[in-house]
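Working notes, beginning with the structure itself.
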Amino acid sequence: MFHYADSKDNSDDTADTGEGLLDNVDVDEVRVRSVKDARVVGVTFAATSFEVLNDNTFQILILDECSQCLEPMALLPMARFHCKKFIAV
């Protein structure tokens, strides 16, 4: 039940509104687990440095629009994620 500013009832309705359900959840842990459980992960070059991707390895790297990047930029995700195969599109 939602209360409006003019409501006279001051009872605690957190169970009805869903507030507080995620109070004890570590959002970073959920993100890391989501990446580890995913079969496909898509990121930009800039995102390859995000902490959520730490300690991950990927067998295949698909580099889209590779003609728009410098060659050294393509090496960053390859080296960081220990890719075994590289597909340039």
Write down the atom of [X], the atom of [Y], and the distance for their closest heavy-atom approach.
X: Lys36; Y: Asn54; result: NZ-O, 4.2 Å
X: Val52; Y: Val32; result: CG2-N, 3.7 Å
X: Leu61; Y: Pro77; result: CD2-CG, 4.0 Å
X: Met78; Y: Ala74; result: CG-O, 3.4 Å

Phe81 and Leu53, any side-chain heavy atoms less than 4.5 Å apart: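 Side chain of Leu53 against side chain of Phe81, heavy atoms only: contact under 4.5 Å found.
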Does the side chain of Val89 come within less than 4.5 Å of Leu63's, by heavy atoms?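 SC-SC contact between Leu63 and Val89 ruled out.
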From [atom1] ([X]) to [atom2] ([Y]), nearest 0.5 Å:
X: Asn56; Y: His82; atom1: CG; atom2: NE2; value: 10.0 Å
X: Cys69; Y: Leu76; atom1: SG; atom2: CG; value: 9.5 Å
X: Met73; Y: Gln68; atom1: CE; atom2: CD; value: 10.5 Å

Same hydrophobic cluster for Phe86 and Ile60, using side-chain heavy-atom links shorter than 4.5 Å among ILVMFWY?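 No: no chain of side-chain contacts under 4.5 Å links Phe86 to Ile60.
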My understanding is that only residues two or more places apart in sequence, or in another chain, count here; which of them pass salt bridge (Lys or Arg N to Asp or Glu O under 4.0 Å) with Asp37?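 For Asp37 the salt bridge (Lys or Arg N to Asp or Glu O under 4.0 Å) partners, ignoring immediate neighbours, are Arg33.
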Return yes if some donor-acceptor pair links the side-chain N/O of Lys84 with the main-chain N/O of Phe58 below 3.5 Å, else return no.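 Judged by distance alone, no pair lies under 3.5 Å.
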